[in-house]
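No experiment lies behind these values; they were computed from the predicted model shown. In each ligand, atom 1 is the first atom listed, and ligand 1 is the first ligand listed. As a basis for the values below, the full set of heavy atoms in this structure was taken, side chains included, without hydrogen atoms, waters or symmetry mates. Sequence positions, counted from 1, serve as the residue numbers for this chain.
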Amino acid sequence: MAPILMNSTGNEHSSYIQQVEYVKNPHLDSMEEDILYHLNLGTKTHDLPQMFGDVKFVCVGGSPNRMRSFAQFIHEQLGLPGNIADIRDICEGTDRYSMYKVGPVLSISHGMGVPSISIMLHELIKMLYHARCRDVIIFRIGTSGGVGLAAGTVVITDKAVDSFFRPQFEQVVLGKVIIRSTELDEDVAQELLQYSSELPDIPTVIGNTMCTHDFYEGQGRLDGALCSFSTEEKFEYLRKANEAGVRNIEMESTVFAAMCRVCNLKGLREIRFQHLMMLFWNISRDRSALWFISSRNVSDSSHKNM
Ligand code: R2B
């Protein structure tokens, strides 16, 4: 069941009662207009409930092209009317992000790294709030480097961890560090693992996903413009990561998990589209936990990750 929450200010906004309160910002209600700058949308310029009120699944991923392909794929899978070539980028007025809507599914790009996905998530979560959406599940569809896994292995993430293998996301706010949890529900991860048994060709494991703030040195790569460590030190770090339960590395999971958790969104990360479709229908039975799946088509311990 979706939680029934009051407006976070304590003021009753009757139209918002009995609805998941995705935003956690008491200032929002006193604002005359909310401009979602990087999505090129706003509460005065767009009818957000009419445009997005029926959204149930949000899929986010790094690349605009991939998210367009994903929207086209979902359009076909759902057997929606119309031509896939006509699916338009709702954010075409900006080149920051791309957004496509097909039926109840929204497909949005977020760029690379924590700051980029974080800006998009702030504006997306506000958009869902203004559109009065309910029971929304978010997926992150992305790439990541596997740690000690065969190429093609899907990782179902039970925890997003930082570069010290801690299940937390640190955000500096007004000069102070705020720590938010990225812990996820183990039972849910186990259940998702069961679904994966219906796809025998896709090896799937449960593990931690490590989020770094750099693609090169931050992920122990030897091929950046700078490298301050030896090959042995690289493998020592990856060995420790593996011992700490890390099965893959990427660059957005901690803030994604933290923001979904704080904002009452069920978050999930997945890469295989056909797998995703199956999960859609399996998980659309209501849940109260946070979901987060990580998966990847890579890799060996050199964790190539493009
Ligand atoms: C995976 O791939 C990108 C870097 O190549 C980054 O966004 C990530 O998390």
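- Residue Phe215 has at least one heavy-atom neighbour below 4.0 Å for each of these atoms of ligand 1: 4 (C), 5 (O).
- Separation of atoms NE2 (His38) and OG (Ser116) is listed at 9.0 Å; rounding is to 0.5 Å.
- Heavy-atom proximity to Arg140, at under 4.0 Å, picks out these atoms of ligand 1: 9 (O).
- Aromatic rings of Tyr237 and Phe165 (six-membered ring for Trp) have centroids within the 6.0 Å cut-off, being under it.
- When all heavy atoms are compared, the tightest approach of Gly103 to Asp54 is O-OD2, 4.0 Å.
- Residue-ligand proximity, Glu250 to ligand 1, at heavy-atom distances under 4.0 Å covers atoms 9 (O).
- With sequence neighbours excluded, no residue forms a ring-ring contact (aromatic ring centres under 6.0 Å, His included) with Tyr37.
- Backbone and side-chain nitrogen or oxygen atoms of Met251 are examined, and one is located within less than 3.5 angstrom of a nitrogen or oxygen of ligand 1.
- Of all atoms in ligand 1, listed by their number and element, those nearer than 4.0 Å to a heavy atom of Met112 are 3 (C), 4 (C), 7 (O).
- Remark: Lys126 does not engage Glu123 in a salt bridge, criterion side-chain N to carboxylate O under 4.0 Å.
- Of the polar atoms of Glu252, at least one N or O is found under 3.5 Å from an N or O of ligand 1, judged by distance alone.
- The proximity of Gln219 to ligand 1, defined as any non-hydrogen pair under 4.0 Å, does not occur for either the backbone or the side chain.
- Each of Lys159, Arg261, Gln168 was compared with Ser181 under the side-chain contact (heavy atoms from CB on, under 4.5 Å) criterion, and only Arg261 meets it.
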